[in-house]
Novice: 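Have a look at the structure that comes next, please.
Counting starts at 1 for both ligands and their atoms, in listed order.
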Amino acid sequence: MSLVPYEEGSLILDDPNSKSVVVVNPTSGTLSFFQQDNGSDGPESNEDLTASSSALDFSSGVHHFKGPIASYICPQCGTEINPDIMNRRQIHRRASSGIEQENIRLGSQENTIPLGFEFANSSFSKRYFQLLERNHRHYVLQNDPNNKERQYGKSKYFIPDELFIPGYFRKFFNILSLLGNGARGSVYKVVHTIGNTELGVFALKKIPIGNDMEWFNKCIREVKALSSLTHKSANLITYNHVWLEMDSAVGFVRSVDGGQSDSKEEIPCIFILQQYCSGGNLEDCILRNVFDKFPDTESPEERKKKFRTRKKNHGKSADIGLSTEQLVSIIRDIARGLHELHSIGLIHRDLKPSNCLLLNSFKNDDEDNETHEEGSNSEQYFPSVVIGDLGESQLEGESRLGTGCTGTLEFTAPELIIQGGTTSSPALPSRLIHTYNEYTFASDMYSLGMICYFIVFGELPFEPQLDIIDLKARIKHFRFDTESMIAKHQAMKLKPVDYRIFQLMDALLQPNNDVRPTAKAVEDMLDEMLSNSKPGKNFWKDNNDSTLNFTTISELNETTNSFTDDFVEDDNMTLSLPAPEGDLSAVSSAKVNTSSVIERSVQFCYKVISILSTIIVFKSTKTGSWLSYTSLVILGMVFKSPVDERSRHVRALGLLALIAILKKYIY
Ligand SMILES: Nc1ncnc2c1ncn2[C@@H]1O[C@H](COP(=O)(O)OP(=O)(O)OP(=O)(O)O)[C@@H](O)[C@H]1O
């Protein structure tokens, strides 16, 4: 028997012997008694319960709440329940609604306590899961007569029997929906239940392991990383617990004899229970909600909402993109999560928008936004973002080859790209090895820079259809040019943003990892930007001329591609872009204006040249010739094509005009 607090002033009494749980809620003065199926409510368990909790009377199957609960110390997790809190709650309850005694019928639905998200997010839930993990493993292994895993056991799978918690998933969880599929497994939205009590909604990642020891070790990395987070971080996913169980596989699994398993067969799976993020992932949110990229996948409800908004705006659709406040909020949250990870020596290695999860759903400002706090401007609101999926993470200093993992190419820093060049190993001259750099904290910062790019533009700077070799080359040669990026932002007619966002991207996407800022530096800088904001005012435009106060990391790091311990430990360090002389953004604003005027003039000239070339083709050839048709088609393309492709079409038209002239005068 043990007592586990699950929310302020409330307790769970868990008795693994009788497979029963009593939930005590002093606030409402209610008790709920639950027993697992197959169990019998024997006298022993009742004795046990009464002996352990003198304040409770369990006579004749009807459970009464007798009086205020005194202080308890849980024998298993050692938590002391503050009696003052409970007594205060009792007094408050009695004062407000009179002294009531509620009769609780066993298992009756209306008497269950709705814990929901409070439980899922409470600090007590961690201890609760630790306790349950120990207890359920113990009693289920001993008592489950249908323990299939014992039968397969060692003969078929390398994982020892005692590591399995058979039946746990089916007994304690109900699947609500599939949240997504990753490279390693599937993630489900589940509700955790004990009897009729719903303890909360969680995300459950199921990764089929099969008989692959290497794969198992790889998957367990995520668990190791998550469990090394000793305190709750606001911007890192909260992990509840992990267990192994036989379940149906998704995908290909090999058994010991080398044969292929039938995918319907139950195989060892690892289950990782995590905090549920109701807002989904950042990638989907940016593409769907912000940039409206997949209108085909919209629900009829979403379509109706958009139609209503457009009607409200008199047919005009609002500017797309995120506001400065929203961008700053996202980048700061991710930087804060990264700072936490880096401070315990972990490199994420696979930071990308689909691994950043939103605690609440984001509703664009042109939609009704019920999630906004009262009085908050929707342009300034973005839900909190947490970093998830630590499956690729590694300790600083660990070899990337030792982990057997690879990140996602588009978000990978250029110094990590292995292009296939080889050199001979000094130890084994006959053997050729690849030259490569290790992952560092700075490589995570590059990924953050690429996330910034994605949330600002709703796309990446690489064409989506590139093959791997070309993509690697593009990543290697990618250079962020602040001014042309601001021009691109203007050309895309996105919501105006503070230019310091572009300076930050420039710093993060530096090819030289020594000059990239640390997560802490980014967090501090954005905190400062936010603290200078004036509520209800678009302060970014007012402050357009202010600059970021950066110092460079190269002053602190002697060696390229290695971030020293000092770098992580020095919390007070401020890192920055190369210090601008004078008022940089004033200068850059002027430059940007000039360059956008030049850009517009060039585009205008292209169009004029195209029209002239088409006229020349028509004058030089017979009407209806292939040249005249082709020139008309290309002229259409000049006017329709994106800015960066226009010059190609203009050149093609020029060539056609030249051919037409040559045809006329030479032949
Ligand atoms: N804790 C969570 N809460 C809500 N949704 C989640 C949670 N964890 C994952 N998801 C959803 O499930 C999807 C799959 O997650 P998973 O981490 O397995 O793969 P991924 O990051 O998308 O891809 P990859 O495995 O290639 O990195 C995510 O994209 C996200 O939409």
Novice: Are the side chain of Glu340 and the backbone of Arg336 linked by a donor-acceptor contact shorter than 3.5 Å?
Specialist: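 No: the side chain of Glu340 does not pair with the backbone of Arg336.
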Novice: With rounding to the nearest 0.5 angstrom, report the CD1 to OH distance, Ile237 to Tyr276.
Specialist: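 Answer for the CD1-OH pair, Ile237 versus Tyr276, is 11.0 Å.
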Novice: For atom 25 (O) of ligand 1, what is the nearest protein heavy atom, given as residue, atom name and distance?
Specialist: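 For this ligand atom, the closest protein heavy atom is Ala183 N, 2.7 Å.
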Novice: Mark up the atoms of ligand 1 that fall under 4.0 Å of a heavy atom belonging to Gly180, in ascending order.
Specialist: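 Numbered from 1, ligand 1 contributes 12 (O), 13 (C), 14 (C).
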Novice: Count the heavy atoms of every other residue, nucleotide or ligand shown that sit under 6.0 Å from CD of Glu463, and state whether that count exceeds 12.
Specialist: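 Yes - once you tally the heavy atoms of other residues, nucleotides and ligands closer than 6.0 Å, there are more than 12.
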Novice: Quick check on the 6.0 Å ring-centre criterion: do Tyr439 and His348 meet it?
Specialist: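 No: the rings miss the under 6.0 Å criterion.
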Novice: Which donor-acceptor pairs under 3.5 Å do side chains of residues 446-459 form with protein atoms, sequence neighbours excluded?
Specialist:
unit_1: Ser447; atom_1: OG; unit_2: Phe411; atom_2: O; d: 2.8
unit_1: Ser447; atom_1: OG; unit_2: Ser443; atom_2: O; d: 3.2
unit_1: Glu459; atom_1: OE2; unit_2: Lys488; atom_2: NZ; d: 2.8

Novice: Quick one: which of Asn235, Ile334, Asp444 gives a side chain to side chain contact (heavy atoms under 4.5 Å, CB included) with Ile387?
Specialist: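 By the side chain to side chain contact (heavy atoms under 4.5 Å, CB included) criterion, Ile387 pairs with just one of Asn235, Ile334, Asp444: Ile334.
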Novice: How long is the span from the CD1 atom in Ile347 to the CD atom in Gln394, to the nearest 0.5 Å?
Specialist: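 Reported value, rounded in 0.5 Å steps: 4.5 Å.
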Novice: Identify the protein heavy atom lying closest to atom 4 (C) of ligand 1, giving its residue, its atom name and the separation to 0.1 Å.
Specialist: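 Here the closest protein heavy atom is Cys277 O, 3.3 Å.
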Novice: Number the atoms of ligand 1 from 1 as they appear, then name those within less than 4.0 Å of a heavy atom of Asp350, with their elements.
Specialist: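 Per the distance check, 27 (O).
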Novice: Within ligand 1, which atoms have a heavy atom of Ile237 less than 4.0 Å away?
Specialist: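 So the answer, numbered in order with elements, is 1 (N).
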Novice: Out of curiosity, Glu283 CD to Leu287 CG, how far, rounded to the nearest 0.5 Å?
Specialist: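 One gets 5.5 Å once the value is rounded to the nearest 0.5 Å.
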Novice: Closer than 4.0 Å to some heavy atom of Ala203 - which atoms of ligand 1 meet that?
Specialist: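 Selected atoms, number and element: 1 (N), 2 (C), 3 (N).
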Novice: Using the rule given for salt bridge (charged side-chain N to carboxylate O under 4.0 Å, His left out), can you reason through Arg332 versus Asp527, listing the C-alpha separation, both sets of side-chain angles and the distance that settles it, and then say yes or no?
Specialist: CA-CA 7 Å; Arg332 192 190 50 163; Asp527 274 342; 3.0 Å; yes
Novice: Note the single closest protein heavy atom to atom 1 (N) of ligand 1, along with its residue, its atom name and the distance in Å.
Specialist: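 Atom 1 (N) of ligand 1 sits closest to the protein heavy atom Gln275 O, 2.8 Å.
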Novice: Mark up the atoms of ligand 1 that fall under 4.0 Å of a heavy atom belonging to Leu357, in ascending order.
Specialist: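 Once the distances to Leu357 are compared, the set is 1 (N), 2 (C), 6 (C), 7 (C), 8 (N), 30 (C).
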Novice: Does the residue Ser354 have a heavy-atom contact with ligand 1, meaning some pair of atoms that are separated by less than 4.0 Å?
Specialist: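 The answer is yes, since Ser354 has a heavy atom less than 4.0 Å from ligand 1.
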Novice: What protein heavy atom sits nearest atom 23 (O) of ligand 1, and how far away is it?
Specialist: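 Answer for atom 23 (O) of ligand 1: Gly182 CA, 3.7 Å.
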Novice: For atom 10 (N) of ligand 1, what's the nearest protein heavy atom and its distance?
Specialist: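 Ranked first by proximity to atom 10 (N) of ligand 1 is Val187 CG1, 3.9 Å.
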Novice: Does atom CG of Leu178 have more than 12 heavy-atom neighbours, drawn from other residues, nucleotides or ligands, at distances under 6.0 Å?
Specialist: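 Yes - once you tally the heavy atoms of other residues, nucleotides and ligands closer than 6.0 Å, there are more than 12.
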Novice: Which residue and non-hydrogen atom of the protein lie closest to atom 20 (P) of ligand 1, and at what distance in Å?
Specialist: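 Going by distance alone, atom 20 (P) of ligand 1 is nearest to Asn355 OD1, 3.9 Å.
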Novice: Considering heavy atoms of the protein only, find what lies nearest to atom 5 (N) of ligand 1 and give residue, atom and distance to 0.1 Å.
Specialist: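 Here the nearest protein heavy atom works out to Leu179 CD1, 3.5 Å.
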Novice: Looking only at protein heavy atoms, which one is nearest to atom 31 (O) of ligand 1, and how far off is it?
Specialist: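 Sorting protein heavy atoms by distance from atom 31 (O) of ligand 1 puts Asn281 ND2, 2.9 Å first.
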Novice: Within the structure, is a non-hydrogen atom of Lys352 found at a distance of less than 4.0 Å from ligand 1?
Specialist: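 Checking ligand 1 against Lys352, which is what was asked, there is a heavy-atom contact under 4.0 Å.
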